[in-house]
Amino acid sequence: MSKIFISLEEAIKKSLELVEASTLIESIPLEKALGRVLSKDIICIKNLPAFNNSAMDGFAIKASDAGKTLTIKKKIFAGDKGEVSPLEKDECYKIMTGAKVPADVDTIIPFELCTNVSETSVTIPNEVKKGNHLRLKGEEQKEGNTLISKAETINFSHITLLASQGITMVEVVKKISIAVISTGNELKEPWESSDEEEIYNCNSYGIISLLNQKGFEASYCGVISDNLEESSKCISNLKKYDVVITTGGISMGDADFVSQAFKENGLEVAFHGVNIKPGKPIMMGKMDNTVVISLPGNPLPALINTYLFILPVLSKKQGSKAFYHDTTFSMNTQRFEVKQGKVNIVLGKVENGNFKVTRDNKYGAAMITALYESNALLVTKEERASLEVGEEAHLIKFDSDLIEKESYIFN
Ligand SMILES: Nc1nc2c(c(=O)[nH]1)N[C@H]1C(S)=C(S)[C@@H](COP(=O)(O)OP(=O)(O)OC[C@H]3O[C@@H](n4cnc5c(N)ncnc54)[C@H](O)[C@@H]3O)O[C@H]1N2
Ligand code: MOO
């Protein structure tokens with residue numbers, strides 16, 4: 001039986017074309033907003049800074065009084081409100097960092113640059129730079145400016161900026177709903193006992209935790225047995241989800257019913273089979289409005305392709321404008337061979353800019369430990385047969401964030 005496999009580039013393109021950003025929004029408290037996608041631009045409603053203030057503890061003077069001994073008219077502290085009475089000739093203010101600077105002065109001189117400092121007077125240095133240590137109202141951001149753009153994912157710096165505006169509720173895109181299911185008669189749950197011919201379902205738990213780690217929420221919907229009728233019935237209940245992710249049952253075996261069961265429920269397949277190793281049988285499509293992603297049962301391709309394919313798809317669906325993998329450059333420290341004629345997704349570890357392939361790149365798709373031993377992926381071009389020592393390699397690190405601009409991921 002011959003099968004047409006599309007290229008990885010084509011598969012990535014098709015997978016992203018399959019999804020449209022969710023438009024459902026909700027308002028949530030600032031302290032819950034970390035990791036959520038903003039549904040509208042944030043406009044500056046309070047100038048940054050909000051008023052002219054001092055950047056240093058010192059004396060607020062007119063620059064034209066450089067070199068003079070001045071009388072200290074008043075002490076001004078951060079938080080003091082209202083206007084102060086203007087300076088008379090040869091007067092200055094003592095001022096603290098963050099305090100409002102009166103309108104009749106133009107320069108702050110830090111205490112340590114002044115001489116003859118007493119409770120009542122101070123001598124100002126001869127050299128004074130007009131405007132020094134003044135933080136001017138709105139110099140950082142003015143009311144009406146766009147502070148943060150819609151579709152950005154909120155991190156600690158966004159939270160800082162939002163709080164600086166006195167914003168307590170944030171409008172974000174509602175979390176998309178994701179169902180994760182496994183298939184296979186041989187599967188047992190981790191809390192069940194298993195005999196020698198049975199294995200534990202590790203795919204669902206690995207996938208859900210990876211999605212959680214990247215800010216998504218996924219519901220575990222159990223294991224479907226290798227039976228077309230039962231699979232089809234079970235799948236008919238999954239149409240309420242935005243995304244359904246399955247593992248297993250999509251290859252050529254007599255018990256591989258998954259694609260048929262989805263098709264009976266209206267699945268339109270975008271692709272089934274990609275020229276990659278591992279993960280060749282991967283299938284994606286749409287069942288009404290639900291995006292369906294079916295991964296191979298072997299744990300390595302299941303998890304690796306969740307990372308490579310699914311995170312960008314979910315990110316786009318979640319309304320984020322960052323849905324491309326970021327790459328870092330690293331030096332390859334050990335020669336290894338790859339299967340020519342396919343895109344190879346190779347596991348390895350990157351530390352201090354050096355990449356070392358996992359287990360000489362000689363591990364099987366069922367070897368779960370290889371994933372544990374790695375912290376990055378390396379993607380080869382189809383024509384490559386090996387990677388040499390000293391080559392600069394593009395890597396996708398497991399702890400990297402997705403970015404807005406498409407980057408070149410191949411080696
Ligand atoms: N004649 C062919 N056979 C196979 C081909 C092929 O092209 N022609 N492709 C191989 C490749 S590549 C892969 S990958 C696998 C994928 O097969 P399936 O997606 O149908 O997966 P299963 O057969 O259901 O399971 C494969 C393997 O993974 C174990 N498994 C399944 N689910 C889980 C789970 N939730 N947790 C842990 N382990 C799981 C399962 O027991 C099998 O050992 O097909 C090759 N065959
Ligand atoms: O594609 Mo399978 O995932 O090579 O093992």
Side-chain angles (χ1 to χ4, degrees), residues 14-15 17-26 173-192 194 198-212 214-251 253-272 281-299 301-303 305-306 309-311 313-319:
K14 277 179 187 276
S15 68
E17 280 168 4
L18 211 56
V19 289
E20 272 166 39
S22 171
T23 50
L24 296 176
I25 59 167
E26 63 182 334
V173 182
K174 267 191 165 176
K175 284 209 172 193
I176 57 168
S177 57
I178 306 165
V180 174
I181 49 177
S182 284
T183 68
N185 292 340
E186 73 281 27
L187 298 181
K188 286 281 173 190
E189 297 294 8
W191 54 87
E192 292 176 320
S194 66
E198 291 167 329
I199 60 160
Y200 285 117
N201 168 18
C202 62
N203 290 352
S204 296
Y205 299 96
I207 290 171
I208 289 171
S209 58
L210 170 55
L211 300 188
N212 288 345
K214 297 293 181 178
F216 300 100
E217 251 168 40
S219 312
Y220 177 48
C221 296
V223 175
I224 306 182
S225 63
D226 293 323
N227 168 302
L228 179 58
E229 203 182 328
E230 201 185 307
S231 305
S232 183
K233 207 167 142 211
C234 191
I235 284 167
S236 68
N237 290 323
L238 299 174
K239 290 185 180 180
K240 59 180 181 290
Y241 287 95
D242 293 313
V243 180
V244 173
I245 301 169
T246 68
T247 64
I250 50 160
S251 193
D254 288 351
D256 292 340
F257 295 119
V258 170
S259 68
Q260 187 54 34
F262 274 111
K263 282 177 193 158
E264 286 185 3
N265 282 285
L267 176 76
E268 296 210 4
V269 177
F271 60 86
H272 188 170
I282 188 169
M283 177 182 82
M284 283 202 204
K286 246 178 156 177
M287 178 175 67
D288 298 343
N289 284 324
T290 303
V291 175
V292 174
I293 308 168
S294 291
L295 300 162
N298 280 319
L303 271 301
N305 289 295
T306 299
F309 277 98
I310 301 184
L311 293 180
V313 165
L314 297 184
S315 195
K316 186 171 178 197
K317 182 80 195 155
Q318 188 57 72

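This chain uses plain numbering: 1 for the first residue, then up along the sequence.
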As a quick check of understanding, evaluate side chain to side chain contact (heavy atoms under 4.5 Å, CB included) for Leu303 and Ile207, giving each step before the final call. CA-CA 6 Å; Leu303 271 301; Ile207 290 171; 4.1 Å; yes

Are Val223 and Thr183 close enough, and set up right, to give a side chain to side chain contact (heavy atoms under 4.5 Å, CB included), and what steps lead you there? CA-CA 5 Å; Val223 175; Thr183 68; 5.8 Å; no

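Counting only distance, with no hydrogens or angles, the side chain of His272 and the backbone of Met284 share no donor-acceptor pair below 3.5 Å. Proximity of a side-chain donor or acceptor of Thr290 to a complementary backbone N or O of Tyr241 within less than 3.5 Å is detected.
Proximity of Ile178 to Lys317: side-chain heavy atoms (C-beta onward) are nowhere separated by under 4.5 Å. Within the 4.5 Å cutoff, the side chain of Phe309 has heavy atoms near those of the Ile282 side chain. Counting heavy atoms from C-beta outward, Phe257 and Ser232 have side chains that stay 4.5 Å or more apart. Side-chain contact between Lys214 and Leu314: absent, with no pair of heavy atoms (C-beta onward) separated by less than 4.5 Å.
Asp242 is linked by a side-chain hydrogen bond (donor to acceptor under 3.5 Å, both in side chains) to Ser177, counting only residues two or more places apart in sequence or in another chain. Not counting sequence neighbours, the partners of Thr247 by the side-chain hydrogen bond (donor to acceptor under 3.5 Å, both in side chains) test are Ser182, Asn203. Evaluation of the ring-ring contact (aromatic ring centres under 6.0 Å, His included) rule for Tyr220 yields Tyr205 as partners, not counting sequence neighbours.
Listed by first and then second residue, the salt bridge (charged side-chain N to carboxylate O under 4.0 Å, His left out) pairs involving residues 258-270 amount to none (not counting sequence neighbours). Within the structure, the salt bridge (charged side-chain N to carboxylate O under 4.0 Å, His left out) test picks out the following pairs touching residues 180-191 (sequence neighbours left out): Lys188-Glu198. Sequence neighbours left out, the pairs with a member in residues 219-239 that pass salt bridge (charged side-chain N to carboxylate O under 4.0 Å, His left out) are Lys239-Asp288.
Between Ile245 and the choices Leu211, Val313, Ile208, Val292, the side-chain contact (heavy atoms from CB on, under 4.5 Å) rule is met once, by Leu211. When each of Ile310, Val258, Thr246 is checked for a side-chain contact (heavy atoms from CB on, under 4.5 Å) with Leu295, only Ile310 meets the rule.
Atom OG of Ser315 sits about 8.5 Å away from atom CD1 of Ile176, to the nearest 0.5 Å. Here Asn289 contributes atom CG and Ser22 contributes atom OG; the two are 11.0 Å apart, rounded to the nearest 0.5 Å. A distance of 12.5 Å separates CG in Leu311 from CD in Gln318, rounded to the nearest 0.5 Å. Summarising the geometry, atom OG belonging to Ser259 is positioned 8.5 Å from atom CG belonging to Asp256; distances are rounded to the nearest 0.5 Å.
When every heavy atom of Ala21 is checked against every heavy atom of Gly319, the shortest pair comes out as CB-CA, 3.8 Å. The two residues Pro190 and Tyr200 make their nearest non-hydrogen contact at CA-CD2, 3.6 Å. Between Ile250 and Pro296, the shortest heavy-atom distance links the atoms CD1-N, 3.6 Å. For the residue pair Ala179 and Leu238, the shortest heavy atom distance occurs at CB-CD2, 4.3 Å. Residues Val180 and Ala218 approach most closely at CG2-CB, 4.0 Å, considering heavy atoms. Across Ser225 and Ser231, no two heavy atoms sit closer than the pair O-OG, 3.3 Å.
More than 12 heavy atoms of other residues, nucleotides or ligands shown are found within 6.0 angstrom of CD on Glu26.
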